[in-house]
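Count residues from 1 along the sequence. Basis for what follows: all heavy atoms, side chains included, without hydrogens, waters or symmetry-related copies.
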Amino acid sequence: MYVFPAAVDGIISAFALTLVPDFDQVVLRGAQGLRVGGRFVVLDFKMPSNWLMSKAAPALAKLMTGPFGGTIEMTSRKPWQSLQKYFRRTQFTALFLGGAYIAAGEKA
């Protein structure tokens with residue numbers, strides 16, 4: 001697994017962490033590599049909590065992520081919770097009717 005260099009200023013993950021089964025370890029190692037005040041930002045898909053969207057989302061997710069090895073199992077992955085676990089200061093914003101999100105953690 002990748003080891004981040006010491007004192008990294010920031011980490012950005014765009015539509016990648018839900019593809020990684022051990023995303024929690026990626027976030028942990030990122031947190032360890034960040035300097036104080038550094039930020040880890042994630043933009044990714046998630047299963048919407050809205051009933052109507054949650055019915056359409058699996059088919060859309062398969063269409064969009066299938067070519068990259070995406071599976072329906074990935075909908076259970078919640079990388080933003082790893083940010084909340086390893087960072088004291090976090091932010092979370094749902095996007096696209098809950099089908100995506102942007103989350104950030106800042107190292108205290």
Colleague: Answer whether the closest heavy-atom distance between the side chains of P79 and K46 falls below 4.5 Å.
Modeller: no

Colleague: Using the side-chain hydrogen bond (donor to acceptor under 3.5 Å, both in side chains) criterion, which residues pair with D22? Sequence neighbours excluded.
Modeller: none

Colleague: If I take atom CG from residue D24 and atom CG from residue L83, how far apart are they, to the nearest 0.5 angstrom?
Modeller: 9.5 Å

Colleague: Considering residues at least two apart in sequence or located in another chain, which fulfil the side-chain hydrogen bond (donor to acceptor under 3.5 Å, both in side chains) criterion with Q84?
Modeller: none

Colleague: Which value, rounded to the nearest 0.5 Å, describes the distance between L19 atom CG and F45 atom CZ?
Modeller: 9.0 Å

Colleague: Run the side-chain donor-acceptor check on residues 101-108: report pairs under 3.5 Å with partners two or more places apart or on a different chain.
Modeller:
{"from": "K107", "atom 1": "NZ", "to": "A31", "atom 2": "O", "distance (Å)": "3.0"}
{"from": "K107", "atom 1": "NZ", "to": "L34", "atom 2": "O", "distance (Å)": "2.9"}

Colleague: Between K85 and V27, is there a side-chain heavy-atom distance shorter than 4.5 Å?
Modeller: no

Colleague: Under the side-chain hydrogen bond (donor to acceptor under 3.5 Å, both in side chains) test, which residues partner R29, sequence neighbours left out?
Modeller: none

Colleague: Under the side chain to side chain donor-acceptor pair (under 3.5 Å) rule, what pairs show up with a residue in residues 3-12, not counting sequence neighbours?
Modeller: D9-R35

Colleague: By side chain to side chain contact (heavy atoms under 4.5 Å, CB included), which residues pair with P5, not counting sequence neighbours?
Modeller: Y2, V8

Colleague: Angle between ring planes, F40 versus F87, binned at 30° and 60°: parallel, tilted or perpendicular?
Modeller: perpendicular

Colleague: So for atom CD1, which belongs to I12, do other residues, nucleotides or ligands contribute more than 12 heavy atoms lying within a distance under 6.0 Å?
Modeller: no

Colleague: For a quick test of reading the model, state the closest non-hydrogen atom pair linking K78 to F23 and the distance between them.
Modeller: N-CZ, 3.8 Å

Colleague: Could you tell me which residues satisfy side-chain hydrogen bond (donor to acceptor under 3.5 Å, both in side chains) with D44, sequence neighbours excluded, listed by chain and number?
Modeller: T18

Colleague: What pair of heavy atoms forms the shortest contact from A16 to S13, and how long is it?
Modeller: CB-OG, 3.8 Å

